[in-house]
Structure formats: C-alpha cells, structure tokens
Amino acid sequence: MSFIQETDYGTPAVLADKTVTLTIDGVQVSVPEGTSVMRAAKELGTTIPKLCATDSVAAFGSCRLCLVEIEGRAGTPASCTTPVAEGMVVATQTPKLAKLRKGVMELYISDHPLDCLTCAANGDCELQDMAGAVGLREVRYGYEGANHLTAEKDASNPYFTYDASKCIVCSRCVRACEEVQGTFALTISGRGFESRVSPGQSEAFMTSECVSCGACVQACPTATLTETRVIEIGQPEHSAITTCAYCGVGCTFKAEMRGEELVRMVPWKDGKANRGHSCVKGRFAWGYATHRERVTEPMIRSSIDEPWKVVSWDEAIAHTASEFRRIQARYGRDSIGGITSSRCTNEETYLVQKLVRAAFGNHNVDTCARVCHSPTGYGLKTTFGTSAGTQDFDSVAHTDVMVVIGANPTDAHPVFASRMKKRLREGARLIVIDPRRIDLVRSTHVEADHHLALRPGTNVAVLTAMAHVIVTEGLVDETYVRERCDLQAYAHWAEFVALPQHSPEATEAVTGVPAAELRAAARLYATGGNGAIYYGLGVTEHSQGSTTVMAIANLAMATGNIGRPGVGVNPLRGQNNVQGACDMGSFPHEFSGYRHVSEDETRHLFEQAWGVALGAEPGLRIPNMLDEAVAGAFKGIYIQGEDILQSDPNTKHVAAGLAAMECVVVQDLFLNETANYAHVFLPGSTFLEKVGTFTNAERRIQRVRRVMRPRNGYADWEITQRLSNALGYPMDYAHPSQIMDEIARLTPTFAGVSFDKLDALGSIQWPCNDAAPEGTPVMHIDHFVRGKGQFILTEYVPTEEKVGPRYPLLLTTGRILSQYNVGAQTRRTENSRWHEEDVLEIHPHDAEERGVRDGEWVRLKSRSGETALRAKTTDRVAPGVVYTTFHHPLTQANVITTDYSDWATNCPEYKVTAVQVSRGNGPVEWQVEYSAQARKSRRIEAAE
Amino acid sequence: MSAVHATSVVPMANQIATFFVSQGDHAAAVAGTADHIKAFWAPVMRRELLALVDAGMADGLSDVAREAILRLR
Ligand code: SF4
Ligand code: SF4
Ligand code: SF4
Ligand code: FES
C-alpha cells in the first residue's frame with residue numbers, strides 16, 4: 001500500500017459555465033472563469049510556491065510567496081488572489097520572482113525554530129518544502145532578533161497540540177474554522193509582530209468554542225497545529241481510503257498508517273459526502289479499536305449468573321449452532337431470530353438476514369432502524385414509492401429555504417451541518433421545528449428566521465397546520481401537483497387540511513406554536529425558492545412517526561419541492577450504515593431492496609438463489625420478539641453489533657425478554673449491556689479490520705477498507721458464515737465482494753453495483769442499474785418511483801403518553817457531538833472529556849418550583865421506571881419540557897421511556913415521556929443494583 | 001396466553017385502526033387495517049389477537065380493528 005498524497009490546488013474549485021484560456025510558462029490551459037492563476041497552474045502540474053493558500057479556503061493573499069509576472073501588467077501580483085483572464089500570459093519562475101520569494105522566506109525562517117530534524121512535521125511541512133522550493137540557502141537577518149521561539153504550547157485538546165513558536169500567522173486555521181467548519185472559534189489576536197492565533201479570547205482550545213473538528217489542524221502548513229499522535233509516534237508511511245463508522249453522514253478518510261498502527265485519520269478531499277471535512281468523532285475518536293476492554297476471544301456460559309468461560313472459536317460456533325438447533329427442535333422453528341447491525345457493513349448485514357431466512361428458516365430478523373428510521377421507510381414508500389431520502393448532500397448548496405425538523409445536525413450530523421451553515425451564511429433562510437432551542441437556531445452568523453418550539457408529540461398538528469396555510473392561502477404549486485401527483489388523493493387531502501380545525505389558530509393551544517409564527521414559516525417554505533426539508537429522530541420516534549413523515553412528504557409535493565437539486569425530503573440517518581441495513585433486507589417483512597416477502601416473484605428468486613423454501617408471511621420485529629420471549633415462545637437470538645438493552649425503550653421489559661431466553665448470542669467489540677444477559681459472546685471486529693461497504697444517508701455506497709488484521713481473528717461476516725456452516729446451511733464466500741455480487745444479482749436497485757465499480761467511481765448512490773449506471777444523486781426527477789405522488793391525510797392523534805399530576809413534565813431525548821449513541825465506542829476515547837455524564841436539561845422555572853439547583857442530582861421518574869442524574873438549568877428547553885442524552889449506561893435513560901410506539905412500524909416513542917423530576921441525592925436503587933449486576937455478569941473465569 | 005399480549009397486540013391493532021379510520025369510510029378503514037396487519041405482523045401475533053377476541057378478552061379492541069382481525073382469520 002502506498003501513501004496517498006492529495007493535490008492541493010491552492011484555491012477552491014470554481015463552478016462556471018464559461019471557460020477561459022490562458023498561457024502559463026508557455027503552455028496553454030483552459031479553466032472555468034473565476035479560477036485563480038495559482039489553481040490554473042496546478043491544473044497544468046505547475047506548482048507555484050505558496051504558504052497562506054490552500055484549496056479548502058478562499059484565497060487571502062497575505063504571504064506574498066505566490067507572486068507571478070503577467071505580460072502587460074505592472075508588478076508581481078499574487079497568483080492565489082488573481083483570477084485568470086482570456087489570453088493572459090503568465091510566468092511563474094523568473095529571476096525577479098526568485099529573488100522576491102527568497103526574501104519572503106528569509107523573513108519567515110528568521111522567526112522560526114530550526115529544529116526541523118526533530119520536529120513532528122518533518123517530512124510534512126509546507127514551510128520546509130517552500131524553503132526548498134525557493135532555494136533558500138542563507139538567512140541574512142540572523143536568529144537573534146525578536147522572535148517567538150519560546151512561546152508556550154497549548155496541549156489542552158487531547159487530540160492536537162498548538163505550538164505557537166512555529167506559527168507563521170498565515171491564518172489558514174482561522175479561515176478553515178470559519179469557512180469549512182463554521183464555528184468561528186479562532187482569531188488572530190494582536191497586531192504586526194505581536195499577532196498570534198488564539199481560540200476565543202486567548203483561551204485554551206479545550207475551554208473555547210472549539211468543537212475539535214480538526215479542520216484547522218488539516219489546514220495548518222506547519223507543525224503549529226499537529227495531531228498529538230503524530231508528535232508521539234511520528235509520520236505515517238502508507239494510507240488507505242475508508243469510511244467513518246460513526247454517523248450517517250458517511251465521511252471518507254485517509255487512514256494513515258505506520259505498519260498496522262493507525263497514526264491519524266485525515267478527511268479525504270474527494271469524499272463526496274464530506275468534501276474533505278470531518279468531526280471530532282471520525283477524525284479522532286477511533287482509539288476504542290485498541291482499547292483494553294475490547295474482548296478478542298469467544299466466551300460461553302450456561303447461565304447468566306455464571307462467569308464467562310473463554311473457549312476456542314470452534315467450540316463457540318459449535319455450541320451456538322447446537323443450542324439454536326436444540327431450541328428449534330423443542331420450541332419450534334420460529335422460536336429464534338437475529339438482529340442485524342447498522343454499524344456493520346452491507347455485506348455483513350445481508351449475510352445475517354440470509355442466515356435468519358435461509359439457515360434459521362424464518363423471517364425473524366430486524367435491525368436497530370426499527371427504533372430510529374423505520375417510519376421513514378414506511379412513510380416515504382407510501383407517498384413517493386421508495387424508502388430513502390431524495391437528495392445528495394451537495395444539493396444543499398442550491399437550497400433557498402431549509403426546514404429542520406426534529407434534528408440537531410450540529411451535534412448529530414456535524415459535517416453536514418457545516419455545509420448547511422455555509423449555505424445559510426450565503427443567505428439561505430432557515431426554519432427550525434423543535435421543542436428545544438438547538439444550536440442552529442442561533443449561532444455565529446446563523447440565525448433561524450422561525451423557530452417553532454412545539455410541544456413534544458405535536459409534529460403532525462404543526463405540519464398539518466402548515467399545509468392548511470399553504471392550501472388556504474393559495475400557495476400550492478398547482479402545475480407540479482397536476483403533472484406529478486395523484487389528483488384525486490390531492491383533492492381529498494386539500495379539502496382535509498383546509499378544514500378550520502387544522503388552522504394554526506385552532507391548533508395553537510395544542511402545539512404551543514403561535515399561529516402567526518407558523519403562518520409566516522409556512523409562507524416562507526412555500527414561496528422562498530428551493531425548499532428542502534431535513535429531519536431526524538424527533539420526527540420518527542413518536543407514536544405518529546410514520547404519519548409525520550407522510551405530512552412532510554405532503555408539504556414537499558404540494559409546494560413542488562421534489563425532483564431537482566436544492567429541494568427534497570431528507571432524513572438525517574443516525575448510524576453509519578442504517579440506510580444500508582434497511583436496504584439489505586433487515587426487516588422481517590421484506591427482502592433486500594424493500595420487496596415484501598409475500599411477493600411471489602421476489603420470493604421465488606431468493607428461493608432459487610439460496611436453495612431453500614421461504615415463508616410468505618412476515619417475521620417478528622424486535623419489540624415483538626421481546627414480547628414473545630416474555631410469553632415463553634421465543635428462546636434464542638443472534639445479535640450482531642447492537643446493544644438493545646441500552647438502546648431500546650423500557651429497559652426493564654427488554655431485560656425481562658432477554659432473561660427469558662435460553663440462548664442469547666452477542667457479537668460485539670465489548671461486553672456491552674446486552675451481553676449481561678448473553679450466553680455466548682462472539683468478539684467482533686472494527687471497521688478498520690475489515691472489507692466491505694457502508695451506505696450513508698444520501699444512499700451513497702462507499703468502500704470500507706481493511707488497514708489492520710482483526711484482533712479477534714475474523715471479520716464479522718466470516719463469523720456469520722461459520723455459524724451458518726455449523727447450522728448446516730453452507731456459505732462459502734471467499735471475499736465480501738462476492739457477497740455484493742450476490743446482492744447485485746438479487747436486488748434491482750443494486751444491479752449495477754460492484755466493488756470494482758465502487759473503486760473506479762469512489763462511491764455510488766443507489767438506484768444503480770442499466771437506467772442509471774453511475775447511480776442516482778437526486779431521485780424522482782421526472783416522475784415518482786411509485787408513479788404519481790400520493791397525498792395522505794394526516795389526522796393528529798395525541799399520544800397516549802399524557803402529562804398529569806403525577807408526571808407533569810415531558811421528557812425528550814437526543815445526542816451530543818462528542819458522544820455517539822450508547823457510547824460504547826466514544827466513551828472509550830478521550831471524547832468523554834467533553835461529556836462525562838448525561839445531564840437533565842430543565843427550565844429554570846421548573847427547577848425552581850422543585851427546589852432543584854444547577855449541577856445537583858435529581859430523580860427522574862416515569863411510569864416505567866426511575867433514574868437519577870445531574871440537572872442543568874437552561875432556557876434551551878421550554879417550561880414543561882426536560883431533555884437528556886442517552887450516552888451513558890449508568891444513567892439508563894431508557895429505564896424511563898415507555899413502550900408506546902409508532903402505529904405503523906412499532907418505532908418506539910422515545911421523544912415523549914411524561915415524567916416527574918424531584919431533588920435527589922445520588923444514584924437510585926435501580927442504578928446501584930444494575931451496576932452490581934453488570935459487574936457480576938462481566939466476570940471472566942480465570943484460565944486454569 | 002400471557003398478560004403481555006393482552007397489553008400489546010390490542011393497543012397496537014387499535015393504533016393502526018385509528019390511522020385508517022382517519023383515511024376514509026368504514027369499509028376502507030377495515031380493509032386498510034387488515035392489509036396493514038397482514039403485511040407487518042408475524043402470523044403468531046395475529047393468532048394471539050384472534051385468540052383474545054375468541055376468548056372475549058379483547059374488550060378494548062375498536063370495532064374497526066375487530067372487523068379487520070376477524071377478516072384475517
Ligand atoms: S478544531 Fe475545528 S472548531 Fe476547533 S478551532 Fe480548529 S477548526 Fe475551529
Ligand atoms: S496555526 Fe498554522 S494555520 Fe494557523 S496561522 Fe499559524 S501556521 Fe497558519
Ligand atoms: S461521525 Fe459523522 S460527521 Fe463525524 S466524521 Fe464520522 S461520518 Fe463524518
Ligand atoms: S499563497 Fe498567495 S499570498 Fe500566500
């Protein structure tokens with residue numbers, strides 16, 4: 001494997017219809033109008049010396065190293081800030097330029113430590129390169145003058161170090177923080193010689209606004225901002241492109257290695273999801289892969305009260321297979337099932353569902369998308385005909401009005417949030433519909449036009465009221481509706497939403513959203529140009545989750561906002577491969593590509609390919625499996641890469657279901673919470689250790705490449721394959737590409753996908769087939785997948801979960817930037833320094849009423865259970881609403897959540913739980929007991 | 001038959017029926033509910049609901065949900 005060196009073109013690419021032709025050093029080149037001379041030269045392969053320019057940020061023109069001579073123009077203009085012109089004749093190397101450049105470099109070097117040989121950036125420093133490029137041989141000023149050589153280092157950030165003595169004040173970092181990340185954490189403080197980069201008001205990085213995205217580190221041309229790992233272990237020597245295993249944005253990175261040791265992850269500029277940007281998780285939080293708590297040997301035990309016993313792979317697999325067959329012989333074929341992982345690759349997920357359908361012989365397979373985006377699948381399939389978002393991320397650059405509903409992109413989808421913020425700074429308008437004042441509502445240079453702070457659980461009422469405004473005020477795009485949608489359904493819907501009870505004035509009492517504000521927001525969305533809706537789990541995780549998704553689809557169709565760049569309906573998917581897990585047939589009612597098990601033709605296709613008979617009726621979903629387990633009919637489960645005990649609602653019910661089973665098999669990196677109830681533990685592998693693909697929220701399939709051997713011995717797909725063989729259903733894939741080939745053969749929307757094509761194109765957005773050989777960035781362009789767009793009536797039905805005297809507050813949940821879901825990975829990295837525990841956000845009025853002070857322990861109680869955590873008083877939440885994250889097992893926020901769920905998909909209603917908050921004095925009894933039980937359950941028998 | 005089922009399949013069927021009642025007339029609501037249950041429920045869950053109906057233990061079941069599940073017998 002070689003080291004991937006990306007080209008720095010000096011200034012960003014320009015999109016323009018017109019091209020301009022010029023001559024550089026006697027060679028002609030044609031580039032888009034508006035391109036810099038520097039970039040045009042680089043297109044030819046000519047490197048003009050530079051320091052303050054880099055192609056991730058706009059040119060600044062401060063270092064004066066990139067000077068060129070242009071025929072007919074006086075002086076020596078900076079090539080980074082000079083745009084090309086037709087017929088321009090440029091010289092990049094002349095004796096005059098050489099002299100000027102040497103002079104510039106001399107000045108820089110005279111104030112720079114000359115410790116190149118021992119500097120962490122040795123071999124990766126642009127200052128060093130430029131000294132070579134300009135032929136610097138002496139420094140006439142000496143090094144004795146005033147300098148910054150003794151300036152202090154800031155090592156407060158766990159992942160990178162700021163060494164001010166090496167700073168050349170090029171401000172690339174400042175501009176990266178502003179333009180790429182959109183956080184505006186850095187400034188150049190002081191003037192002239194005194195000027196220095198500093199976070200905030202001369203704060204340390206860690207205490208400043210910095211979110212540790214790494215953009216400044218990447219932009220810095222010197223060793224000033226350097227990854228601490230590089231300082232510790234040195235420069236990498238080879239690299240491979242792979243995909244982040246955290247969130248649904250799907251950033252691609254260069255994994256830069258020394259042998260099998262990962263030195264750093266550097267965002268890949270050609271990555272079409274992230275375009276060279278990253279967040280603190282993907283960029284830095286991969287240390288869990290080598291964490292000491294990682295389990296690398298299989299273990300079994302006959303009861304969950306016993307300690308674990310380490311066994312060989314052969315024994316673990318044989319034991320699991322014989323247990324599953326024993327259970328099926330005794331309790332019937334349907335008494336076992338499996339859960340696929342949204343964290344694993346498409347190939348691995350496909351294999352688990354195949355194992356369940358072909359080897360277990362039933363359809364009892366489900367995935368964690370059940371608890372997040374299953375309503376998206378149902379809602380978008382019903383209205384548009386396909387279970388996925390309509391756009392690519394690039395689309396946001398053409399958006400005029402963004403509507404963000406029940407999502408918190410700056411925390412949960414940070415890299416995409418940076419692109420949203422960029423577009424907002426360019427003048428796009430913003431509507432936020434969320435009970436909580438998320439960061440996007442107001443942050444540096446971004447301010448929402450409307451924040452509809454609705455009461456949790458009233459999404460449908462708010463969206464139907466918006467539809468009411470659009471229909472009754474004549475804002476419908478009638479041409480679009482006439483051409484693209486089912487007219488009868490539209491007429492029925494228009495009549496429905498126009499009813500007076502759906503007006504903003506009528507619903508205000510229920511939703512808490514002022515009618516005038518709602519009307520203004522609806523008008524803006526309908527008339528403000530390209531309108532794009534982005535939504536998250538605040539939409540789906542409700543008893544009316546599917547109805548809300550359909551209400552969103554209705555709005556987009558009525559306003560003609562589907563089928564071109566800049567518009568659309570875009571679910572922001574939680575996990576790295578949750579889209580893929582759904583695509584791969586992880587749901588009990590459908591095969592890969594969302595085809596129902598009752599469709600004869602599809603079923604016969606799979607029967608033929610797999611050589612087994614398949615049932616025509618759906619299997620059990622996760623909550624149904626747990627219900628059946630408690631009832632005594634469901635006895636065994638194979639769980640790959642999921643922690644249902646911590647992530648699923650009503651923890652006590654989940655625990656009861658698991659405890660009632662006879663063989664719970666957990667395949668994971670760590671002994672997670674679910675493993676407390678497991679009888680077999682199969683150690684899993686990390687994304688760094690395997691080959692495959694992930695599919696992100698834009699339907700983009702991207703490669704995952706192995707950079708180190710699996711510590712546990714096997715990639716996850718190999719483990720599933722071994723289990724299948726032990727169960728007597730043969731699988732003999734030699735490589736994941738063969739699994740993808742099978743997926744492509746059996747799934748029309750994946751027909752054109754192969755590893756070879758992915759390697760050639762970088763990524764592919766499905767559908768990819770004969771009609772779209774290179775994939776489909778924007779869907780439903782000429783017509784909807786289902787034919788005509790289908791309007792659906794969306795009657796607001798209040799959730800059963802109601803506040804009352806005992807439980808007067810509404811709890812809603814979410815996540816924060818530095819932690820990821822149940823935290824199994826991020827808690828095992830330095831990211832915990834940003835979020836050491838879950839806290840309860842509560843409005844100061846509600847806190848005062850209860851005698852609760854900021855930072856104190858409080859008890860949080862619902863009809864399901866009780867837990868304790870610390871309070872944080874804030875007006876981000878409205879009175880009557882409290883909020884917490886769910887990253888830490890000790891808090892067990894899901895002890896509180898109930899088993900109410902979406903009517904169509906059983907997606908749990910995480911976002912609304914009636915609770916009471918009272919003063920506390922530490923963990924409650926359940927937490928103490930749970931910790932003790934977890935400790936006991938994690939014992940491993942000492943080797944003899 | 002355990003209490004767990006009495007508390008889960010009945011409200012689940014009711015929730016589905018509530019949605020389809022909001023979509024159109026009675027006949028369409030029954031058909032929509034029946035189709036949805038057929039498409040998304042494992043057969044064992046349908047059997048449980050039917051058993052509850054037969055045993056007269058599905059008191060809280062709405063009329064539309066009841067008609068729908070009987071249609072799926
Ligand atoms: S790490 Fe990111 S947020 Fe922090 S200062 Fe650098 S660019 Fe700004
Ligand atoms: S820290 Fe690096 S990028 Fe920032 S001004 Fe100094 S040298 Fe330039
Ligand atoms: S967690 Fe998401 S946003 Fe952050 S680097 Fe990974 S894919 Fe990108
Ligand atoms: S690179 Fe052009 S002025 Fe610095």
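Atoms considered below: every heavy atom in the structure, side chains included; atoms not considered: hydrogens, waters and symmetry mates. Lettering follows sequence order; numbering is per chain, from 1.
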Open item on the list: Can a donor-acceptor pair be found, under 3.5 Å and without considering hydrogens, that links the side chain of A:Asn364 to the backbone of A:Leu620?
Closed with: yes

Task: Contacting region of A:Asp334 [heavy-atom separation from chain B under 4.5 Å] - done: neither

TODO: Check whether A:Met625 gets within reach of chain B through its side chain, its backbone, both or neither, counting any heavy atom under 4.5 Å.
DONE: neither

Task: Parallel, tilted or perpendicular: ring planes of A:Tyr378 versus B:Phe40, cut at 30 and 60 degrees - done: perpendicular

- [ ] Report, as yes or no, whether the 6.0 Å neighbourhood of atom CG on B:Asp63 holds more than 12 heavy atoms from other residues, nucleotides or ligands.
- [x] no

Open item on the list: Over 60° means perpendicular and under 30° means parallel, so tell me whether A:Trp903 and B:Phe19 are parallel, tilted or perpendicular.
Closed with: parallel

TODO: May I have all residue pairs that pass ring pair (Phe, Tyr, Trp, His ring centres under 6.0 Å) and include part of residues 41-73 of chain B, sequence neighbours excluded?
DONE: none

TODO: Pick whichever of A:Val597, A:Val797, A:Asn906 has the most heavy-atom pairs under 4.5 Å with chain B.
DONE: A:Asn906

Task: Engaged part of B:Val44 at the chain A interface, taking heavy atoms whose separation is under 4.5 Å - done: side chain

Task: Contact class of A:His492 relative to chain B, heavy atoms under 4.5 angstrom - done: side chain

Task: Part of A:Ser543 within contact of chain B (heavy atom distance under 4.5 Å) - done: both

- [ ] Find the one option among A:Leu793, A:Ile792, A:Thr905 whose heavy-atom pairs under 4.5 Å with chain B are most numerous.
- [x] A:Leu793

- [ ] Could you check if a side-chain atom of A:Arg333 sits within less than 4.5 angstrom of a side-chain atom of A:Phe360, using non-hydrogen atoms only?
- [x] no

